[in-house]
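Contents: one structure, followed by commentary.
By convention here, the first residue in the shown sequence is residue 1. All figures in this text were calculated on a predicted structure; none of them were measured in a lab.
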Amino acid sequence: MESNMKDIFKIISLAEKLKNELRHSWLSSGRQESVAEHTWRMSLMAVLIEKNLSKPVNMEKLLKMIIIHDLVEAEAGDVPAFDIMNNEELKNLKAKNELKAIENIKNTLGMDLGEELYNIWIEFENKTSYEAKIANALDKLEVQVQHNEADFSTWIDIEHSLCFMLGQYVEFEPALIELKDIIENEAKEKLKSNGIDVESIKCD
C-alpha cells in the first residue's frame, strides 16, 4: 500500500499559517491572538467540560471537529463574525472560500482521510450532531472569554451587545448554559467597570 505521508505533511505545513493568521481578539498581554491559539483553548474547554455534559459525547469526534473547524482559514483567512452579520454578500463569499479550502484539503489528503476531515467540517458547519452543537458553542464562548481577558480598549461598540447574545448557542445543554452565564457575568462586570450602561444593551 502506497503511503500518503507526503500529502499529510502538506496539510501539516499548511496548518502553520494558523499560527500567523490573526483574529479580532487580543490577549491580556496586548498581543493579537492567532487562530491556532483560539483552537487550542477550544480543545481544552472540551476536555474540561466533558464530565459536566448531560449526555455522553464522542470526545474523539468532538476534538477532531474543533481542530479541523478553522483549518480552512489557513487558505481562506479569518473573517470576524461581526463583519458578516449584516452583509449577505460577504457572508456568501466567506462560505464559498471556506468550502473551496476544505475541498482542497480533502483532495490533497485523498479518499479516506480527506473524506473524513471534509465530513467532520461539514457536520460542524451544519450543526447536525450533539458534538457539532457543542463545538459551535465552544467556538462562540471562547471568543468571549478572550475578549473578557483583553484590555477594554480593544473592544469595538458592537461587542458591547454581542456578549449578551451567547444564549442561542448553548440552550440545548445545561452545562454550557452554566458556563455561558459565568462568561456573560464577567463581560457584564467589565462593561460596568468601564462606564457602560449594561441595562440599556439588548440582551438575549
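When only modelled atom types and interatomic distance are considered, Ser129 and Glu123 share a side-chain donor-acceptor pair under 3.5 Å. Defined by atom type and a distance below 3.5 Å, a donor-acceptor pair is present between the side-chain atoms of Ser34 and Glu37. Between the side chains of Gln146 and Arg23, no donor-acceptor pair of N or O atoms lies under 3.5 Å. Of the N and O atoms on the side chains of Asp151 and Ser153, at least one donor lies less than 3.5 Å from an acceptor on the other residue. The closest side-chain donor-acceptor pair between Glu159 and His147 falls under 3.5 angstrom. At a cut-off of 3.5 Å, with distance as the only test, no side-chain donor of Asn136 or His69 sits close to an acceptor on the other residue.
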Applying side-chain contact (heavy atoms from CB on, under 4.5 Å) to Val72 and Leu99, what does each step give before you reach the verdict? CA-CA 8 Å; Val72 293; Leu99 182 59; over 6 Å; no

Would you check, one step at a time, whether the test side-chain contact (heavy atoms from CB on, under 4.5 Å) holds for Glu73 with Lys17? CA-CA 8 Å; Glu73 293 183 5; Lys17 292 184 179 179; over 6 Å; no

How far apart are the C-alpha atoms of Phe124 and Trp121, what are their side-chain angles, what is the distance that settles it, and do they pass the ring-ring contact (aromatic ring centres under 6.0 Å, His included) test? CA-CA 5 Å; Phe124 171 84; Trp121 186 85; 7.9 Å; no

How far apart are the C-alpha atoms of Asp139 and His38, what are their side-chain angles, what is the distance that settles it, and do they pass the side-chain contact (heavy atoms from CB on, under 4.5 Å) test? CA-CA 8 Å; Asp139 191 20; His38 162 68; 2.7 Å; yes

For Ile122 and Thr128, what are the C-alpha separation, side-chain angles and deciding distance, and is it a side-chain contact (heavy atoms from CB on, under 4.5 Å)? CA-CA 9 Å; Ile122 292 294; Thr128 52; over 6 Å; no

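Rounding to the nearest 0.5 Å places OG of Ser25 at 9.0 Å from CD of Gln144. Here the CG atom belonging to Leu53 is positioned 4.5 Å from the CD1 atom belonging to Ile134, to the nearest 0.5 angstrom. A distance of 6.5 Å separates CD of Glu131 from CE of Met65, quoted to the nearest 0.5 Å. Between atom CD1 of residue Ile105 and atom CG of residue Asp7 there is a gap of 13.0 Å, rounded to the nearest 0.5 Å. Here the straight-line distance linking atom NZ of Lys61 with atom CD1 of Ile66 works out to 12.5 Å at 0.5 Å rounding. To the nearest 0.5 angstrom, Asp197 atom CG is 10.0 Å from Leu191 atom CG.
Nearest heavy atoms, Ser43 versus Ile67: OG-CG1, 4.1 Å. What you find for Leu71 and Ile11 is that their closest heavy atoms are CD2-CG2, 4.0 Å. Residue Ala175 comes nearest to Asn52 through the heavy atom pair CB-O, 3.3 Å, listed as atom of the first residue, atom of the second, then distance. Closest non-hydrogen pair, Glu115 versus Lys106, comes out as OE2-CD, 3.7 Å.
Within the 4.5 Å cutoff, the side chain of Leu176 has heavy atoms near those of the Leu138 side chain. Looking only at side-chain heavy atoms (C-beta outward), Ile68 and Tyr118 stay at 4.5 Å or farther from each other. The side-chain heavy atoms of Leu48 and Met45, taken from C-beta on, include no pair separated by under 4.5 Å. Looking at Glu98 and Glu75, their side chains never come closer than 4.5 Å, going by heavy atoms from C-beta outward.
The hydrophobic cluster containing Leu44 does not contain Leu141, counting ILVMFWY residues as joined when their side-chain heavy atoms lie under 4.5 angstrom apart, directly or transitively. In the hydrophobic cluster analysis, where Ile, Leu, Val, Met, Phe, Trp and Tyr join through side-chain heavy atoms closer than 4.5 angstrom, Met5 is grouped together with Leu117. In the hydrophobic clustering of ILVMFWY residues, with side-chain heavy atoms under 4.5 Å counting as a link, Leu22 and Val143 come out apart. One hydrophobic cluster, built from ILVMFWY side chains closer than 4.5 Å, cannot hold both Trp40 and Leu27; they sit in different ones. Hydrophobic clustering of Ile, Leu, Val, Met, Phe, Trp and Tyr side chains at less than 4.5 Å, counting indirect connections, unites Met42 with Ile177.
In this pair, Phe172 and Tyr130 present their aromatic rings perpendicular. The plane angle is above 60°, beyond the 30 to 60° band. Below 30°, between 30° and 60°, or above 60°: for Trp26 and His24 the angle between ring planes is above 60°, a perpendicular geometry.
Within the 3.5 Å criterion, the main-chain N or O of Val35 finds a donor-acceptor partner in the side chain of Thr39. Proximity of a side-chain donor or acceptor of Glu173 to a complementary backbone N or O of Val170 within less than 3.5 Å is not detected.
In this structure, Lys180 forms no cation-pi arrangement with Tyr169, as its terminal cationic atom is not both closer than 6.0 Å to the ring centre and no more than 45° off the ring axis.
The number of heavy atoms from other shown groups lying within 6.0 Å of NZ (Lys133) does not exceed 12.
We find that Lys190 and Glu149 are not joined by a salt bridge, their nearest charged nitrogen and carboxylate oxygen being 4.0 Å or further apart.
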